[in-house]
Amino acid sequence: MATGRIYQSLSGFFDVHADGKTYRTRARGNFRKHGIKPIVGDMVTFENDYILDVLKRKNALVRPPLANIDQAVVVTAATEAEFSINLLDRQLVGLGINNIKAIIYFTKTDLLSPDRLQFIQQLAADYQQIGYNVICPTGDDNQAAIDQLKATFKDAVTVFMGQTGAGKSTLLNHILPSLHLATGEISQALNRGRHTTRTVTLIPLAGGLVADTPGFSSYDTFDIDYRTVKNYFPEFVSHANECKFRECLHVNEPGCKIKAMVSDGEILNSRYDDYLQLFNMIKNRKPVYNKKK
Ligand SMILES: Nc1nc2c(ncn2[C@@H]2O[C@H](COP(=O)(O)OP(=O)(O)OP(=O)(O)O)[C@@H](O)[C@H]2O)c(=O)[nH]1
Ligand SMILES: [Zn+2]
């Protein structure tokens with residue numbers, strides 16, 4: 001029996017990397033009975049080219065299906081018309097909930113005015129300070145940024161996420177020129193018919209594995225208790241023990257260190273506003289009752 005990771009799935013076969021070799025395996029019939037369907041990214045045990053067991057997943061994304069993701073490159077267009085700090089914060093919280101480390105990568109910095117570039121660089125420094133890994137190419141210095149990004153791939157499974165048009169395919173093509181992903185308008189046109197059949201392959205790169213598909217939809221459902229939203233704002237977590245109340249939600253409580261830090265400019269107003277927005281959205285969300293099966 002051997003243990004390995006599924007890196008590709010094609011018409012009923014699962015290609016597995018184990019001990020530096022690759023194996024073409026199949027799932028046994030009884031997998032279907034138990035409702036376990038192996039997907040790319042899964043760690044599996046196998047013998048004689050048959051998968052015996054799927055090991056417990058750390059997390060999984062649905063479209064396209066991929067398990068055990070360590071980190072996501074949040075591809076973010078820095079231009080004024082496209083950038084939204086609110087969207088960025090929501091993406092970061094979504095990743096936090098799924099236990100996926102975020103790497104923020106700014107694109108289109110070549111289009112920025114000097115003022116705008118300075119604004120984005122300050123923002124990059126602020127998010128770096130919070131604890132995120134932020135990569136912000138400047139001018140013609142694209143290669144340095146890409147090298148910096150590649151250095152984060154070691155020993156990790158990495159996916160690319162971001163808004164439509166943010167530059168995910170362009171960036172992946174730079175990193176993996178053999179992919180030849182369609183970009184811009186062509187990509188838009190192809191996108192329309194591709195939801196159903198699209199699968200993902202994990203490609204070995206810079207000591208890690210990178211998903212070759214740029215179109216991961218981030219989840220807009222935040223399936224958590226509203227009282228835990230604060231846990232996904234790292235700069236709140238590191239000072240929460242300085243609030244007067246141990247269970248402080250940093251909303252209306254007296255003696256709240258987080259609110260004091262917002263007033264003092266030590267925590268970004270926009271981060272606190274986005275926290276309150278998510279907090280209220282999740283608190284006021286109508287419960288969804290699933291029909292009994
Ligand atoms: N000037 C400039 N243009 C860029 C940059 N990155 C991407 N673009 C352009 O932005 C457009 C969209 O880029 P894509 O790579 O297709 O974006 P995407 O995120 O893959 O988009 P979807 O496939 O719709 O999800 C294309 O016309 C790219 O040429 C950049 O760093 N600078
Ligand atoms: Zn507080």
Side-chain angles (χ1 to χ4, degrees), residues 61 63-64 72-84 87-88 91 104-113 116-117 120 124 135-146 148-149 159-177 179-195 198 200 210-218 226-264 266-267 271-272 275-276 279:
L61 292 171
R63 211 176 63 196
V73 181
V74 183
V75 181
T76 306
T79 51
E80 209 150 355
E82 291 174 282
F83 177 69
S84 155
L87 177 73
L88 177 62
Q91 286 172 305
I104 303 165
Y105 191 99
F106 283 107
T107 57
K108 310 194 188 183
T109 50
D110 56 300
L111 301 176
L112 307 183
S113 66
R116 177 72 188 173
L117 182 63
I120 289 293
I135 302 175
C136 184
T138 45
D140 356 311
D141 203 11
N142 242 327
Q143 194 52 48
I146 285 171
Q148 204 184 336
L149 181 60
V159 300
F160 283 67
M161 281 185 164
Q163 284 291 90
T164 207
K168 301 177 294 292
S169 302
T170 304
L171 184 57
L172 256 176
N173 281 339
H174 272 296
I175 290 166
L176 285 164
L179 278 183
H180 302 297
L181 293 169
T183 59
E185 321 251 296
I186 302 162
S187 146
Q188 295 264 311
L190 291 175
N191 247 318
R192 264 164 227 148
R194 85 174 191 195
H195 307 321
R198 189 72 203 171
V200 56
V210 175
D212 69 347
T213 310
F216 286 93
S217 41
S218 53
Y226 71 93
R227 285 164 297 199
T228 65
V229 179
K230 61 180 182 174
N231 298 340
Y232 303 103
F233 286 76
E235 73 272 48
F236 298 6
V237 174
S238 52
H239 291 280
N241 62 356
E242 297 163 55
C243 292
K244 184 167 172 194
F245 297 104
R246 207 156 63 94
E247 301 301 323
C248 188
L249 295 172
H250 322 311
V251 179
N252 291 316
E253 297 91 338
C256 174
K257 174 70 175 174
I258 303 309
K259 289 213 302 188
M261 289 179 77
V262 175
S263 304
D264 294 346
E266 293 170 78
I267 286 178
R271 292 280 292 170
Y272 187 68
Y275 167 66
L276 283 186
F279 177 92

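Ligands are counted one by one from 1 in listed order, and the atoms in each one are counted from 1 as well.
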Within the side chain of [X], is there an N or O that forms a donor-acceptor pair under 3.5 Å with the backbone of [Y]?
X	Y	result
K108	G167	no
K168	Q163	yes
E253	V251	yes
R116	L111	no

Evaluate [X] for polar contact with ligand 1, using N/O atom pairs at a separation under 3.5 Å.
X	result
T107	no
P214	no
T170	yes
A166	yes

In the structure I gave you, are the side-chain heavy atoms of [X] and [Y] within less than 4.5 Å of one another anywhere?
X	Y	result
F245	P254	yes
I175	V210	no
V159	V73	no
S169	F160	no

What does the angle at the Zn ion (ligand 2) come to, between atom SG of C243 and atom SG of C256, rounded to 10°?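 My answer is 110°, to the nearest 10°.
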Check if G162 has a non-hydrogen atom at a distance under 4.0 Å from any atom of ligand 1.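 Contact check G162 vs ligand 1: negative.
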Is G165 close enough to touch ligand 1? Criterion: a residue heavy atom under 4.0 Å from a ligand atom.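 It does; at least one heavy atom falls under 4.0 Å.
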[X]: numbered ligand 1 atoms lying under 4.0 Å from its heavy atoms:
X	answer
L111	1 (N)
D110	1 (N), 2 (C), 30 (C), 31 (O), 32 (N)
S169	15 (O), 18 (P), 20 (O)
Q163	19 (O)

Name of whichever N/O/S atom of H250 is nearest to the Zn ion (ligand 2):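 Nearest N/O/S atom: ND1.
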Of the choices H174, K108, K168, which has the non-hydrogen atom that lies closest to atom 3 (N) of ligand 1?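 Checking each option, the heavy atom nearest atom 3 (N) of ligand 1 is found in K108.
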Y275 vs H250 aromatic rings, parallel, tilted or perpendicular, using cut-offs 30° and 60°?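 Ring orientation, 0 to 90° scale: tilted.
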